[in-house]
J.: 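I'd like to ask some things about the structure below.
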Amino acid sequence: MQVTIDKNSGYCFGVEFAIQMAEDEMADGKLFCLGDIVHNSMEVERLHAKGLRIIDREQLKDLTDAKVLIRAHGEPPETYQLALQNNIELIDASCPVVLKLQNRVKLAYDKMEKIEGQIVIYGKMGHAEVVGLTGQTNNEAIIIMEEADLDKIDFNRPITLFSQTTKSTKGFYHIKSLIEERIKDTKGTLEELDFNANDSICRQVSNREPQLQQFATERDVIVFVSGKKSSNGKALYGVCKQQNERSYFVENESEVDLSWFKPVDKVGICGATSTPMWLMEQVANFIEGAFEETPLAH
């Protein structure tokens with residue numbers, strides 16, 4: 001049996017940066033983090049053992065004189081205001097790609113306000129990054145995920161569209177074309193002022209789709225390692241499953257079923273942008289140990 005870990009899987013630089021910042025800060029003592037630092041319970045447990053304590057927004061309101069990490073997803077303006085009021089030192093690990101997008105959304109919102117336009121965000125309602133983005137629009141942005149959500153938009157008014165950075169490129173362009181059709185149906189025409197679409201998807205994430213397609217095609221079995229909360233994980237697992245019917249989703253090695261494999265299989269281990277390399281290695285080692293075969297191929 002040959003077991004290979006996908007070299008393109010694992011943390012994106014935003015998540016890696018946030019975890020490194022957390023570990024550096026914890027060298028001086030306890031650190032709070034607003035929400036799960038990463039959508040992976042195994043990594044959250046590892047960092048908890050080092051002193052990282054996860055809090056939610058309600059708990060933040062009661063916290064004073066403490067250090068709080070802002071994770072890669074970014075935060076809305078009110079989080080920064082609250083920190084000032086409560087004498088909280090913020091360790092800002094917002095991903096640079098997300099911060100840049102927040103600025104773009106804020107500028108577009110100010111522009112749209114003048115012409116009674118609308119900011120539309122293609123993303124998951126309640127997702128931390130989307131909460132940070134809508135915060136740039138006084139929480140007035142319209143969040144859409146699927147075709148049915150388009151009914152929330154007024155197609156007689158100008159529209160500026162953005163995307164959550166971790167959404168699928170294909171999904172974004174599908175939504176974009178649906179909005180264009182709706183504008184034409186409503187107004188009979190599509191002028192430049194009517195619609196401005198911004199592909200704000202992080203290419204480090206979106207490029208993983210074609211890379212994974214190839215990886216999944218070249219293996220007999222795929223074991224996809226990801227936290228169940230990760231929307232990126234669900235999407236990328238879907239890419240594997242489409243290419244390779246023998247694809248399985250696990251959170252850790254305890255969920256691996258050895259009946260999935262034949263001794264002659266080429267096995268591929270891959271994961272989400274929130275999956276640590278050590279966890280993929282743990283899964284790979286477990287499978288190899290069970291079949292007592294060749295050393296791990298990277």
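Numbers here simply count residues along the sequence, with the first being 1. The basis for the numbers below is simple: all heavy atoms, side chains too, and nothing from hydrogens, waters or symmetry mates.
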J.: In Å, rounded to the nearest 0.5 Å, how long is the span from CD1 of Ile183 to CG of Leu190?
T.: 5.5 Å
J.: Let me see the working for Thr137 and Val105 under side chain to side chain contact (heavy atoms under 4.5 Å, CB included), right down to the final yes or no.
T.: CA-CA 7 Å; Thr137 70; Val105 169; 3.5 Å; yes
J.: Side-chain contact test, heavy atoms from C-beta onward, threshold under 4.5 Å: evaluate it for Asp220 versus Phe261 and give yes or no.
T.: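 A side-chain contact under 4.5 Å is absent here.
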J.: Flag yes if Leu150 and Ile121 sit in one hydrophobic cluster, no otherwise; membership is Ile, Leu, Val, Met, Phe, Trp, Tyr, and two members link when side-chain heavy atoms are under 4.5 Å apart.
T.: no
J.: What pairs with Thr217 under side chain to side chain donor-acceptor pair (under 3.5 Å), at least two apart in sequence or on another chain?
T.: Gln243
J.: Would Asn8 and Arg208 count as having a side-chain donor-acceptor pair, cut-off 3.5 Å?
T.: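 No donor-acceptor contact under 3.5 Å links the two side chains.
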J.: Quick check: does any side chain N or O of Lys229 sit under 3.5 Å from a backbone N or O of Asn40, one acting as donor and the other as acceptor?
T.: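 A pair under 3.5 Å: no.
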J.: Report whether Leu60 and Leu52 are members of the same hydrophobic cluster (ILVMFWY, side-chain heavy atoms less than 4.5 Å apart, transitive linking).
T.: no
J.: Judged by atom type as modelled, is there a donor-acceptor pair below 3.5 Å linking the side chain of Asp149 to the main-chain atoms of Glu146?
T.: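 The answer is yes, because a donor-acceptor pair under 3.5 Å joins these two groups.
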J.: Does the side chain of Phe224 reach to within under 4.5 Å of the side chain of Val250, using non-hydrogen atoms?
T.: no
J.: Where do Glu209 and Gln213 land on the side chain to side chain donor-acceptor pair (under 3.5 Å) test, with the steps shown first?
T.: CA-CA 6 Å; Glu209 286 194 27; Gln213 282 172 340; 5.4 Å; no
J.: Please say yes or no: joined through hydrophobic side-chain contacts below 4.5 Å, possibly via intermediate residues, are Tyr109 and Phe162 part of one cluster?
T.: yes
J.: For Lys100, give me all partners under side-chain contact (heavy atoms from CB on, under 4.5 Å), at least two apart in sequence or on another chain.
T.: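 side-chain contact (heavy atoms from CB on, under 4.5 Å) check on Lys100 returns nothing, list empty.
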J.: Side-chain contact test, heavy atoms from C-beta onward, threshold under 4.5 Å: evaluate it for Ile287 versus Ile269 and give yes or no.
T.: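 They are in side-chain contact.
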J.: Within the distance-only criterion (no hydrogens, no angle test), does the side chain of Asn244 pair as donor or acceptor with the backbone N or O of Ala216 below 3.5 angstrom?
T.: yes
J.: Do the side chain of Thr134 and the main chain of Asn139 share a donor and acceptor less than 3.5 angstrom apart?
T.: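 Side chain of Thr134 to backbone of Asn139: no pair is present.
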J.: Assess the side chains of Asp92 and Ser94: does a donor N or O sit below 3.5 Å from an acceptor N or O?
T.: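 Indeed, the side chains of Asp92 and Ser94 share at least one donor-acceptor pair under 3.5 Å.
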J.: Please test Arg182 against Asp151 for side chain to side chain contact (heavy atoms under 4.5 Å, CB included), starting from the C-alpha separation and ending with a verdict.
T.: CA-CA 10 Å; Arg182 289 281 195 106; Asp151 294 338; 3.3 Å; yes
J.: Using a 4.5 Å cut-off on heavy atoms from C-beta on, say whether the side chain of Met1 contacts that of Pro263.
T.: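 The answer is no, as the side chains (C-beta and beyond) never meet within the 4.5 Å cut-off.
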J.: Given side chain to side chain contact (heavy atoms under 4.5 Å, CB included), test Glu129 with Thr165 step by step and report yes or no.
T.: CA-CA 8 Å; Glu129 184 193 320; Thr165 59; 2.7 Å; yes
J.: Say you draw a straight line from CG of Leu212 to CD1 of Ile222; how long is it, rounded to the nearest 0.5 Å?
T.: 7.5 Å
J.: Hey, does the side chain of Gln164 reach the backbone of Lys124 with a donor-acceptor pair shorter than 3.5 angstrom?
T.: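 Side chain of Gln164 to backbone of Lys124: a pair is present.
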J.: Under the rule for salt bridge (Lys or Arg N to Asp or Glu O under 4.0 Å), what residues qualify as partners of Glu89, not counting sequence neighbours?
T.: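 Checked Glu89 against salt bridge (Lys or Arg N to Asp or Glu O under 4.0 Å); zero matches.
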J.: Enter the distance from Ile91:CD1 to Met26:CE here, rounded to the nearest 0.5 Å.
T.: 11.5 Å
J.: Taking atom types as modelled and ignoring hydrogens, do the side chains of Thr273 and Asn232 form a donor-acceptor contact shorter than 3.5 angstrom?
T.: yes
J.: Does anything in residues 189-206 form a salt bridge (Lys or Arg N to Asp or Glu O under 4.0 Å)? List the pairs, not counting sequence neighbours.
T.: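 Those involving residues 189-206 are Lys187-Asp194, Asp199-Arg203.
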J.: For the side chain of Asn138 and the backbone of Glu140, is there at least one donor-acceptor N/O pair under 3.5 Å apart?
T.: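 No, because the side chain of Asn138 does not come within donor-acceptor range (under 3.5 Å) of the backbone of Glu140.
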J.: Can you tell whether the side chains of Glu23 and Arg46 come within less than 4.0 Å, N to carboxylate O?
T.: yes
J.: If I take atom CD1 from residue Ile175 and atom OG from residue Ser168, how far apart are they, to the nearest 0.5 angstrom?
T.: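 Separation between the atoms: 10.0 Å.
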J.: With sequence neighbours left out, what residues match Glu253 under salt bridge (Lys or Arg N to Asp or Glu O under 4.0 Å)?
T.: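 Scan of Glu253 (salt bridge (Lys or Arg N to Asp or Glu O under 4.0 Å), adjacent residues dropped) gives none.
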J.: Return the set of residues passing salt bridge (Lys or Arg N to Asp or Glu O under 4.0 Å) with Glu58 (not counting sequence neighbours), or none when no residue passes.
T.: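 Expected list: Lys61.
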J.: To the nearest 0.5 Å, what is the distance between CD (Gln282) and OG (Ser254)?
T.: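 If we round to the nearest 0.5 Å, Gln282:CD and Ser254:OG are 10.0 Å apart.
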J.: Check whether the side chains of Gln20 and Tyr11 place a donor and an acceptor atom closer than 3.5 Å, and report yes or no.
T.: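 Per modelled atom types, Gln20 and Tyr11 side chains form no pair under 3.5 Å.
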J.: Using the salt bridge (Lys or Arg N to Asp or Glu O under 4.0 Å) criterion, which residues pair with Asp110? Sequence neighbours excluded.
T.: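 Expected list: Lys106.
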J.: Show your working on salt bridge (charged side-chain N to carboxylate O under 4.0 Å, His left out) between Lys176 and Glu180 and close with a plain yes or no.
T.: CA-CA 6 Å; Lys176 174 182 180 277; Glu180 285 169 345; 3.1 Å; yes
J.: Looking at Tyr122, I'd like to know if the NZ or CZ of Lys167 sits under 6.0 Å from its six-membered ring centre while staying within 45 degrees of the ring's axis.
T.: yes
J.: Does a side-chain heavy-atom distance below 4.5 Å link Lys30 with Phe32?
T.: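 Touching, per the 4.5 Å side-chain cut-off.
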J.: Could you work out, with side-chain contact (heavy atoms from CB on, under 4.5 Å) as the rule, every residue matching Gln118, not counting sequence neighbours?
T.: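 Gln118: side-chain contact (heavy atoms from CB on, under 4.5 Å) contacts with Ile142, Ile153, Asp154, Arg157, Ile159.
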J.: Please check this pair: side chain of Ser200 against backbone of Ser163, looking for a donor-acceptor N/O pair closer than 3.5 Å.
T.: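 Side chain of Ser200 to backbone of Ser163: a pair is present.
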J.: Looking at residues at least two apart in the chain, or sitting in another chain, which of them share a side-chain contact (heavy atoms from CB on, under 4.5 Å) with Leu193?
T.: none
J.: Is there a continuous path of hydrophobic side-chain contacts, each under 4.5 Å between heavy atoms, that joins Phe249 to Val3?
T.: no
J.: Below 3.5 Å, can you tabulate the donor-acceptor pairs from side chains in residues 65-77 to any protein atom, sequence neighbours excluded?
T.:
unit_1 : atom_1 : unit_2 : atom_2 : d
Asp65  : OD1    : Asn87  : ND2    : 2.7
Lys67  : NZ     : Glu25  : OE1    : 2.9
Arg71  : NE     : Leu34  : O      : 3.0
Arg71  : NH1    : Asp36  : O      : 2.7
Glu75  : OE1    : Arg57  : NH2    : 2.8
Glu75  : OE1    : Thr79  : OG1    : 2.7
Glu75  : OE2    : Arg57  : NH2    : 3.1

J.: Backbone N or O of Val223 within a donor-acceptor pair of the Tyr237 side chain at under 3.5 Å?
T.: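 No, Tyr237 side chain to Val223 backbone: no donor-acceptor pair under 3.5 Å.
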J.: State yes or no: do Val267 and Leu279 share one hydrophobic cluster built from I, L, V, M, F, W and Y residues joined by side-chain heavy-atom distances below 4.5 Å, directly or via other members?
T.: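 Hydrophobic grouping puts Val267 with Leu279.
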J.: Working to the nearest 0.5 angstrom, can you tell me the gap between Ile179 CD1 and Glu147 CD?
T.: 11.0 Å
J.: Would you mind reporting whether Glu43 and Leu47 have side-chain heavy atoms less than 4.5 Å apart?
T.: yes
J.: Return the set of residues passing side-chain contact (heavy atoms from CB on, under 4.5 Å) with Glu245 (not counting sequence neighbours), or none when no residue passes.
T.: Lys241
J.: Go through the side-chain N and O atoms of Gln85 and Gln81 and say whether any donor and acceptor fall under 3.5 Å apart.
T.: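 Note: Gln85 and Gln81 side chains miss the donor-acceptor criterion.
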J.: Counting N and O atoms only, with roles assigned by atom type, does the side chain of Asn198 sit under 3.5 Å from a partner on the main chain of Leu161, one being a donor and the other an acceptor?
T.: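 A pair under 3.5 Å: yes.
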J.: Provide the full list of salt bridge (Lys or Arg N to Asp or Glu O under 4.0 Å) pairs with a residue in residues 254-280, sequence neighbours left out, each pair given once.
T.: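 Pairs touching residues 254-280 that pass the test: Lys228-Glu255, Arg246-Asp265.
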J.: Counting only N and O atoms by type, is there a donor-acceptor contact under 3.5 Å from the side chain of Ser177 to the main-chain atoms of His174?
T.: yes
